[in-house]
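Atoms considered below: every heavy atom in the structure, side chains included; atoms not considered: hydrogens, waters and symmetry mates.
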Amino acid sequence: MSTLHSKAAQRFLETNKNARWHDDTFWVLRAKRDVMAHELDEWERLRDVACAIKRHTVTHLDRYLEQFVGNAERNGIHVHWAKDAEEFNQTVLSMLRKQGVKKMVKSKSMLTEECGMNPYLESHGIDVVETDLGERILQLMHKRPCHIVVPAVHITQEEVGHLFEEKLGSEKGNYDPTYLTYQARLSLRDEFMTAGAGMTGANFGVAETGDVVVCTNEGNADMSTSMPKLQIVAMGLEKIVPDYKSLAVFQRLLCRAATGQPTTSFTSHFRKARPGAEMHIILVDNGRTDIIGEPEHWETLKCIRCGSCMNTCPVYRRSGGYSYTYFIPGPIGINLGMLKDKVRYADNVSACTLCCSCDNVCPVKVNLSEQIYCWRQGLDSIGKADLVKKSMSLGMKYLFNHPQMYDTALKFAPITNHLPHVLMYNKLNGWGYGHEMPVFKKQPFHEIARNILKDEDKKGNI
Amino acid sequence: MSTKEEILSRYRRNMKVKGQYDMPDLDALNGIEYADAVSQFIAMSRTVGGEVVTLEPGADVNEVIRKAYPEAKVFASNVPGIAIAQRNPDTVESAQELNGTDVGIVQGDVGVAENGCIWVPQTMKERAVCFISEYLVILLSRNNIVSNMHQAYCRIRMTDYGYGCFISGPSKTADIAQALVMGAQAARGVTVILTD
């Protein structure tokens, strides 16, 4: 009855004394998002338009990619294409080697996580320095992100304090977030000053102008690219938007949906290399051209990685990012994992109550829960259906198809209300595992309805 | 076949989405409008952690900056009229030389009332001045404040340097225990000076 996710979620709740804090913290982000949404009369209209722009763009992607690349090249940017993670990693490495770069600073990029770039480059002798504070903390701890926007939310300030004492030589016992942030600032400043290359991801690529747009609160994407002679942008194919008018829509939605701020502190537009430097963009496929061929799942390509589906998800909030087996957790991660490898990541589809809250907050209206439902329907065909659930479903099917047996079963069902706890809550009863069983009424609904109809019939009302 | 052709032909082969999805009419989309966009801009700039001061007629902008940052010693700018700047981002040998700047002073083009963003196009050789300085001063004409991002994106212009940034308040992070801290990697504070 248990998936890897549900087992991990149980461990999270049993062993993590911050589980409640985790839940509350993400609910605060959701509430802040709501305040932002309610301040704008046009919020729902913006979501509709954002969805329409993305649907249009991802179904005309070849055209927009050619336009984007044409403009970027005219602006003197070197554009490369990578069909998969391996080609991407090799392209980055050869670029760094050509310029003799030993150290690269970088801002947050889910694409480089997806491609496993850091371990690859490190194994080839390149020092890769994450410069987003949360990512830097995780890098020093050798941990992976638990959320795509607030990656280190699960690490306590005491843990950060101990880490910085050891790695950065900060004061013993000083766990003040302001002090610790300043220590990281000083240390990262040295890295920016001495790095040979700076890398960013891309929130958007504007076809009409060739701009790469990166949104950060820390300014680390700008710090990473304002000093080195080499700038590299890692960009998924689906990041293209047609023009500035479209960009305005997404700029307004992204941060409001993500953290409940009216904007990120920095919305940086990179159109050319800075004087005396080189700028390269690597466009990465890594499965995206397969996703467009999935009739029920192509709309995941609309995702702008704001993380709002995680913040609102009751399962994510109560199970944490590490309970999922794919590196992106939450509703969007469940779907992206299945698109990556549906046998390997099938355990995550149980991490959904089908409450549909994610669909209602998604700024680009990806039908996340609907897609999860579809994946569940297909579990049996890939040999991943849970045997207990499968036999229970077959039993229910038989019962529902035999009304007399159903009536009899319902008549005796209230007996279970009085059965000893141990008989109802054990591993044989999948429905009693992890949740409370319903209390059966003495008179089932259809019997009540039948009696009413009989009475009304007698009165001549029917 | 190059990787580019391989990827594009794979996309074309797999693109079987049924239905025609056209671009929506973005001109029909009206963003929020403020009766007093300047007041809203000032309020929002403070919400995002910035300061706003008004340059009174006849006042010296250099004095206003000194008053805002009385302890600052090293100023960097290439903006005409900023006499207090010892460093010039146009003439430094490398961007790294700007490290240790207490206050950088730059010119903003368009202010946005809904979120406190200011469009700062690169008008200097080393744009690092916008980020490496401990504190940032952005000069902005009150006549160039619009209500929302739709209007802003219709107005912004890139310079030949090919870089520009919407800056809204100081660099910030909440990555440690979700506590908001100003001054992650870039400027720790921002003062907007509104001019005529």
Side-chain angles (χ1 to χ4, degrees), chain A residues 25 40-42 45 49 52-53 55-56 59 61-62 65 75 81-83 87 131 133-134 137 150 152-153 156-157 160 177-178 180-181 185 188 193 217-220 222-223 226-227 242 244-248 251-252 262-263 265-272 274-275 285 289-290 292-293 298, chain B residues 2-4 6-8 10-12 14-17 21-24 26 29-32 44 48 95-96 99 114-117 125-128 130-132 148-150 152-154 158 161-179 181 183-187:
Chain A
T25 297
L40 295 178
D41 287 343
E42 68 269 31
R45 176 90 187 107
V49 168
I53 297 170
R55 277 181 173 161
H56 169 74
T59 55
L61 201 54
D62 49 345
L65 279 167
N75 296 332
W81 297 70
K83 60 180 178 301
E87 192 173 5
T131 63
L133 178 56
I137 291 167
V150 285
V153 73
T156 65
Q157 63 200 81
V160 177
T178 304
L180 293 172
T181 300
R185 175 187 173 91
L188 284 169
M193 296 284 286
N217 272 323
E218 299 186 8
N220 58 317
D222 298 293
M223 285 297 288
S226 293
M227 278 172 272
Y244 269 7
K245 278 186 183 172
S246 316
L247 180 59
Q251 202 279 349
R252 298 188 75 201
T263 177
S265 303
F266 303 92
T267 307
S268 313
H269 298 55
F270 300 96
R271 190 178 289 184
K272 289 183 182 174
R274 56 185 204 88
D285 181 351
T289 52
D290 290 329
I292 197 67
W298 66 274
Chain B
S2 71
T3 303
K4 175 185 177 180
E6 207 178 310
I7 289 173
L8 288 177
R10 192 178 174 82
Y11 170 82
R12 289 177 185 126
N14 287 345
M15 215 326 269
K16 300 170 206 142
V17 175
Y21 293 102
D22 295 326
M23 260 302 272
L26 296 182
L29 187 69
N30 293 317
I32 192 164
M44 191 46 78
V48 298
Q96 282 87 340
N99 196 29
E114 70 162 316
N115 56 15
C117 276
K125 180 171 80 78
E126 298 301 348
R127 66 181 184 237
C130 305
F131 312 103
I132 206 168
N148 60 56
M149 291 304 290
H150 306 294
Y153 270 111
C154 288
M158 273 283 184
Y161 283 113
Y163 171 88
C165 186
F166 279 109
I167 300 179
S168 171
S171 159
K172 51 182 91 70
T173 181
D175 276 345
I176 301 177
Q178 283 293 290
V181 178
Q185 320 309 344

Item to check | Options A/Thr178, A/Ile53, A/Thr25, ranked by heavy-atom pairs under 4.5 Å with chain B, top entry | outcome: A/Ile53

Next on the checklist: Given heavy-atom pairs under 4.5 angstrom as the criterion, report whether the side chain, backbone, both or neither of A/Arg252 touches chain B.
Outcome noted: side chain

Next on the checklist: Restricting to non-hydrogen atoms, name the atom on A/Pro262 and the atom on B/Glu114 that form the minimum distance, rounded to 0.1 Å.
Outcome noted: CB-O, 4.0 Å

Item to check | Toward chain B, the part of A/Leu133 with a non-hydrogen atom under 4.5 Å | outcome: both

Next on the checklist: Any non-hydrogen side-chain atom of A/Glu42 less than 4.5 Å from a side-chain atom of B/Ile32?
Outcome noted: yes

Checklist entry - Is it the backbone or the side chain of B/Ile7 that comes under 4.5 Å from a heavy atom of chain A, or both, or neither? => result both

Next on the checklist: Quick check for you: among A/Val153, A/Leu65, A/Leu247, which has the greatest number of heavy-atom pairs under 4.5 Å with chain B?
Outcome noted: A/Leu247

Checklist entry - Are side-chain heavy atoms of A/Met227 and B/Ile132 found at a separation under 4.5 Å? => result yes

Checklist entry - Side chains of A/Asp290 and B/Arg10: closer than 4.5 Å at any heavy-atom pair? => result yes

Checklist entry - Given a strict heavy-atom distance threshold of 4.5 Å, which part of A/Asp41 is in contact with chain B: side chain, backbone, both, or neither? => result neither

Next on the checklist: How long is the straight-line distance from NZ of B/Lys125 back to CZ of A/Arg274, given to the nearest 0.5 Å?
Outcome noted: 8.0 Å

Item to check | A/Tyr244 versus B/Met158, closest heavy-atom pair with distance | outcome: OH-CE, 4.1 Å

Item to check | A/Gln251 vs B/Cys117 side-chain heavy atoms within contact, under 4.5 Å | outcome: yes

Checklist entry - What part of B/Leu29 is in contact with chain A, defined as an atom under 4.5 angstrom from a non-hydrogen atom: side chain, backbone, both or neither? => result side chain

Checklist outcome for this item: Okay, A/Leu61 and chain B: the region with an atom under 4.5 Å from a heavy atom over there is both

Item to check | Test side chain to side chain contact (heavy atoms under 4.5 Å, CB included) applied to B/Tyr11 and A/Asp285, step by step | outcome: CA-CA 10 Å; B/Tyr11 170 82; A/Asp285 181 351; over 6 Å; no

Checklist entry - Which bit of A/Thr156 is near chain B, if near means a heavy-atom gap under 4.5 Å: side chain, backbone, both or neither? => result neither

Checklist entry - Are the side chains of B/Phe166 and A/Phe266 in touch, meaning some heavy atoms are under 4.5 Å apart? => result no

Item to check | chain B contact via A/Asp62 - which portion, at a heavy-atom distance below 4.5 Å | outcome: both

Checklist outcome for this item: From the list B/His150, B/Met44, B/Glu126, the residue making the most non-hydrogen contacts under 4.5 Å with chain A is B/His150

Next on the checklist: I need the B/Asp22 CG to A/His56 NE2 distance, nearest 0.5 Å.
Outcome noted: 7.0 Å

Item to check | Any donor-acceptor N or O pair under 3.5 Å, side chains B/Thr3, A/Glu87 | outcome: yes

Item to check | Contact leader toward chain B among A/Ser268, A/Ala152, A/Ser246, where contacts are heavy-atom pairs under 4.5 Å | outcome: A/Ser268

Checklist outcome for this item: Taken to the nearest 0.5 Å, the spacing of B/Ile176 CD1 from A/Gln157 CD works out to 8.5 Å

Checklist outcome for this item: Checked A/Asp222, A/Leu180, A/Thr181 vs chain B; the most non-hydrogen pairs under 4.5 Å come from A/Asp222

Item to check | Closest-packed option against chain A by number of heavy-atom pairs under 4.5 Å, given B/Gly116, B/Cys165, B/Ala128 | outcome: B/Cys165

Next on the checklist: I'd like to know whether B/Asp175 forms a side chain to side chain contact (heavy atoms under 4.5 Å, CB included) with A/Glu218, so could you lay out the CA-CA distance, the side-chain angles of the two residues, the decisive distance to 0.1 Å, and finally the verdict.
Outcome noted: CA-CA 10 Å; B/Asp175 276 345; A/Glu218 299 186 8; 3.1 Å; yes

Checklist entry - Which pair of non-hydrogen atoms, one from B/Ala186 and one from A/Arg185, has the smallest distance, and what is that distance? => result O-NH1, 2.5 Å

Item to check | Interatomic distance, B/Gln185 atom CD to A/Asn217 atom CG [nearest 0.5 angstrom] | outcome: 11.5 Å

Item to check | Spatial distance of atom CG (B/Asn115) from atom OG1 (A/Thr267) [nearest 0.5 Å] | outcome: 7.5 Å

Checklist entry - Quick one: CG on B/Asn14 to CD1 on A/Ile292, what's the gap to the nearest 0.5 Å? => result 9.0 Å

Checklist entry - What part of B/Glu6 is in contact with chain A, defined as an atom under 4.5 angstrom from a non-hydrogen atom: side chain, backbone, both or neither? => result side chain

Checklist entry - Given the options B/Ala95, B/Gly164, B/Cys130, which has more heavy-atom pairs under 4.5 Å with chain A than any of the others? => result B/Gly164

Checklist outcome for this item: Ranked by heavy-atom pairs below 4.5 Å to chain B, first place among A/Asn220, A/Leu188, A/Thr59 goes to A/Thr59

Checklist entry - Closest heavy-atom contact between A/Lys272 and B/Tyr161? => result CB-O, 3.7 Å

Checklist entry - What's the shortest heavy-atom distance between A/Thr263 and B/Ser168, and which atoms? => result CG2-OG, 3.4 Å

Checklist outcome for this item: Checked B/Val48, B/Asn99, B/Asn148 vs chain A; the most non-hydrogen pairs under 4.5 Å come from B/Asn99

Checklist entry - In terms of heavy-atom proximity below 4.5 Å to chain B, should A/Val160 be classed as side chain, backbone, both, or neither? => result side chain

Item to check | Partner chain A: residue of B/Met23, B/Met15, B/Met149, B/Lys16 with the largest heavy-atom pair count (under 4.5 Å) | outcome: B/Met23

Checklist entry - With chain B, which of A/Gly134, A/Ser265, A/Ser226, A/Pro242 has the greatest number of heavy-atom pairs at distances under 4.5 Å? => result A/Ser265

